[in-house]
Protein chains: 2
Amino acid sequence: MPPASPPDPARVSRDADAVGDRGRRHGSATVTPPAVAVSVDLVLLTLRAGRLCVLLIQRARRPADWALPGGFVDGDEDLDASAARRLVDATGVTGTGHLEQLRTYGGQRREPLTCGVSVAYLALLPNLPQPPPRPARRPDGHWWPVEELAAPGGPILAVDHRRIVIDGVERARAKLEYTPLAAAFCEDEFTLADLRRVYEAAWGVGLDAPNFRRKVLSTPGFVVPVGRRTSPRGGGRPAELYRRGMATALHPPLLRRSV
Amino acid sequence: MPPASPPDPARVSRDADAVGDRGRRHGSATVTPPAVAVSVDLVLLTLRAGRLCVLLIQRARRPADWALPGGFVDGDEDLDASAARRLVDATGVTGTGHLEQLRTYGGQRREPLTCGVSVAYLALLPNLPQPPPRPARRPDGHWWPVEELAAPGGPILAVDHRRIVIDGVERARAKLEYTPLAAAFCEDEFTLADLRRVYEAAWGVGLDAPNFRRKVLSTPGFVVPVGRRTSPRGGGRPAELYRRGMATALHPPLLRRSV
DNA sequence: ACAAAAGTGTTGTCAATACACCCATGT
DNA sequence: ACATGGGTGTATTGACAACACTTTTGT
């Protein structure tokens with residue numbers, strides 16, 4: 001973001017207190033702060049058929065109008081807890097994948113109807129038992145390949161959800177470089193080829209299998225061998241199985257070729 | 001963040017609509033969403049005397065209670081604009097440095113009095129004309145070296161502001177690796193030694209000057225030479241002056257030694 | 001049954017690159 | 001004293017070749 005965009009001069013130094021108007025609440029004359037609606041939106045990413053996909057929900061009363069799963073945050077609810085709850089609601093699965101806060105969007109840029117701030121979360125999930133469960137009245141959810149969002153004929157997204165998805169995808173692509181989060185896209189046990197295909201799908205590139213193997217195995221805590229092999233499926237040498245290790249960062253990172 | 005922490009079962013699927021309760025607003029029976037107070041908090045970082053420092057404000061009625069500058073967001077105000085306004089309020093300078101959103105904190109973890117969500121912003125600034133201007137009634141602001149925050153005798157921070165500062169410092173340290181943002185800590189024109197001292201102060205390490213020079217100059221768009229030199233100050237060969245270039249990322253990055 | 005072919009995963013080699021460490025020179 | 005330029009050894013990486021294990025296909 002470029003440096004401070006020129007602020008509205010009428011607003012500068014409106015507060016006498018540099019701590020902000022929040023400080024007034026400690027005084028004798030308590031003012032009620034402006035309250036706004038806070039919602040949580042989820043960017044759920046997974047790999048399906050070798051393509052990076054995001055879960056979008058088709059709104060009931062708006063044909064061809066797609067939105068991210070999410071909803072309002074309860075007043076006393078923790079943001080992370082709210083996001084975790086919405087994740088279970090939308091997918092029906094629990095205890096798998098990775099969930100982290102992405103960014104908060106808000107202010108004038110949003111549609112008047114949904115004015116307020118939206119705290120976006122990013123989740124990386126293995127290929128779920130599709131389609132996600134549909135309780136009664138639950139709108140239809142579809143996994144959209146992220147490349148199709150920009151293409152003609154793609155879904156029309158609500159409010160600023162397209163921007164949120166773009167940010168989430170870029171965050172995921174970047175995090176693959178310096179964290180072992182690629183394993184969050186895989187099942188509990190996976191092969192190095194599975195892991196490599198995560199990178200290839202997310203980055204849209206081809207990776208050299210031997211080099212990838214060397215890199216992953218030489219990074220302590222990235223993966224740990226299970227000691228078993230895949231049962232041969234359709235031909236080819238059975239691959240060794242791995243689980244994700246305890247590393248939280250990759251040193252040195254697994255960098256993308258050029259950007 | 002580990003996978004979805006076990007959500008409150010009583011809450012799961014409380015909504016019949018997977019889009020979330022937000023969807024109800026499009027129906028005939030409009031419910032008022034729970035509204036909470038949204039504030040903006042700023043982590044302002046700069047370099048002073050070779051140390052990375054953060055600006056803290058001493059609250060009026062609470063001795064030894066320090067807080068980040070910030071305040072409530074107006075209902076119709078853009079988050080980024082609000083942060084930019086607070087930045088000018090706190091420092092008195094405009095159009096310099098770098099400002100970006102850091103993360104949003106909220107929910108139960110916050111003090112009851114300041115319940116609600118706080119959108120934290122991170123600013124990287126050159127050494128400002130110190131101390132920051134003090135209009136009447138403005139509480140005293142001090143630049144605290146970030147190492148002293150963890151040391152005994154350091155400031156006692158309000159609410160979760162210590163966590164916010166830690167996150168902001170780590171974000172800044174990480175961003176120095178793969179972006180040219182180190183220049184945001186410098187004046188408009190700077191020497192490569194100035195730039196190197198940014199890295200050394202932020203990371204708490206010593207860097208080899210020749211290697212650093214090679215690395216920076218070989219990264220296109222990191223810095224551009226001005227064509228002048230510093231007037232010799234106190235002995236030593238005058239250094240060439242540079243401005244920051246137009247690059248937005250460093251490829252390959254300038255990695256920290258081990259983490 | 002047997003052999004050959006094809007598909008997949010694993011191991012090994014080599015060159016190009018990037019980097020840490022050190023020395024030399026100019027002002 | 002400090003900025004700048006150059007040199008050398010080591011570690012990492014990219015490209016590619018070779019090998020191992022399995023299924024499929026043909027005779």
Side-chain angles (χ1 to χ4, degrees), chain A residues 50 176-178 182 186-187 189-201 203 205-243 247 249-259, chain B residues 50 176-178 186 189-201 203-220 222-242 249-259:
Chain A
L176 292 187
E177 289 190 314
Y178 55 94
C186 300
E187 305 290 339
E189 297 183 352
F190 51 87
T191 70
L192 291 184
D194 293 333
L195 198 64
R196 179 167 46 84
R197 276 185 273 270
V198 171
Y199 282 90
E200 292 176 331
W203 291 349
V205 299
L207 295 180
D208 183 81
N211 292 338
F212 181 81
R213 173 188 184 79
R214 184 178 51 186
K215 176 67 181 174
V216 171
L217 294 184
S218 70
T219 303
F222 195 167
V223 297
V224 291
V226 171
R228 283 182 290 108
R229 292 169 173 273
T230 54
S231 47
R233 45 172 196 273
R237 175 175 175 174
E240 283 194 63
L241 286 171
Y242 296 86
R243 294 175 179 273
L250 267 36
H251 288 281
L254 185 49
L255 295 175
R256 284 178 275 188
R257 213 83 173 94
S258 81
V259 171
Chain B
L176 291 187
E177 290 189 315
Y178 55 93
C186 299
E189 298 182 353
F190 51 88
T191 69
L192 292 184
D194 293 333
L195 198 64
R196 178 168 45 86
R197 275 185 273 270
V198 171
Y199 283 90
E200 292 176 332
W203 291 349
V205 299
L207 295 180
D208 183 81
N211 291 337
F212 182 81
R213 172 187 183 79
R214 252 189 318 208
K215 177 68 182 173
V216 171
L217 294 184
S218 69
T219 303
F222 195 167
V223 298
V224 291
V226 171
R228 285 182 289 107
R229 290 170 173 273
T230 54
S231 48
R233 48 172 194 270
R237 177 173 175 176
E240 284 194 64
L241 286 170
Y242 296 86
L250 266 37
H251 287 280
L254 211 161
L255 295 175
R256 283 178 275 188
R257 238 338 178 199
S258 81
V259 170

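Reminder, nothing fancy here: chain letters follow the sequence lines and each chain counts from 1.
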Peer 1: Could you state the atom-to-atom distance from NE2 of A:H251 to P of D:dT12 in whole Å?
Peer 2: 14 Å
Peer 1: Working to the nearest 0.5 Å, report the span between CZ of A:R196 and OG1 of A:T191.
Peer 2: 8.0 Å
Peer 1: Under the side-chain contact (heavy atoms from CB on, under 4.5 Å) rule, collect the residues that match up with A:A201, sequence neighbours excluded.
Peer 2: A:L47
Peer 1: Sequence neighbours excluded, which residues qualify as side-chain contact (heavy atoms from CB on, under 4.5 Å) partners of A:R243?
Peer 2: A:D188, A:E189, A:V224, A:V226
Peer 1: Taking CZ from A:R237 and P from D:dC21, how many angstroms apart are they, rounded to a whole number?
Peer 2: 5 Å
Peer 1: Name the residue closer to the 5' end of DNA chain D, choosing between A:D208 and A:R229 according to the nucleotide with the nearest heavy atom.
Peer 2: A:D208
Peer 1: Could you identify which residues of residues 209-216 of chain A place a heavy atom less than 4.0 Å from some atom of DNA chain D, listed by residue number, or say none?
Peer 2: A:P210, A:N211, A:R214, A:K215
Peer 1: With A:T219, which residues qualify under side-chain contact (heavy atoms from CB on, under 4.5 Å), at least two apart?
Peer 2: A:K215, A:F222, A:L250
Peer 1: Between which nucleotides of DNA chain C, read 5' to 3', does contact with chain A run, using atoms under 4.0 Å from its heavy atoms?
Peer 2: C:dG7 to C:dT13
Peer 1: May I ask you to test the A:Y242-A:L217 pair for a side-chain heavy-atom distance under 4.5 Å?
Peer 2: yes
Peer 1: Between B:L192 and B:F212, which heavy-atom pair has the shortest distance, and what is it?
Peer 2: O-CE2, 3.6 Å
Peer 1: What distance do B:D208 atom CG and B:R213 atom CZ have between them, rounded to the nearest 0.5 Å?
Peer 2: 12.5 Å
Peer 1: To the nearest 0.5 Å, what is the distance between OH (A:Y199) and CZ (A:R256)?
Peer 2: 11.0 Å
Peer 1: What are the residues of residues 191-200 of chain A, sorted by number, that bring a heavy atom to within less than 4.0 Å of DNA chain C?
Peer 2: A:A193, A:R197
Peer 1: Could you check how far CZ of B:F190 sits from C1' of D:dA3, rounded to whole Å?
Peer 2: 16 Å
Peer 1: Separation of A:L207 atom CG from D:dG14 atom C1', in whole Å?
Peer 2: 11 Å
Peer 1: Report the distance from atom OG1 of A:T230 to atom CG of A:D194, rounding to the nearest 0.5 Å.
Peer 2: 8.5 Å
Peer 1: Got A:W203 and A:E177 here, is their nearest side-chain heavy-atom distance under 4.5 Å?
Peer 2: yes
Peer 1: Quick one: on DNA chain D, does A:P253 or A:P238 contact a more 5' nucleotide (nearest heavy atom)?
Peer 2: A:P253
Peer 1: Would you compute the distance between atom CG of B:L207 and atom CG of B:L254 and round it to the nearest 0.5 angstrom?
Peer 2: 7.5 Å
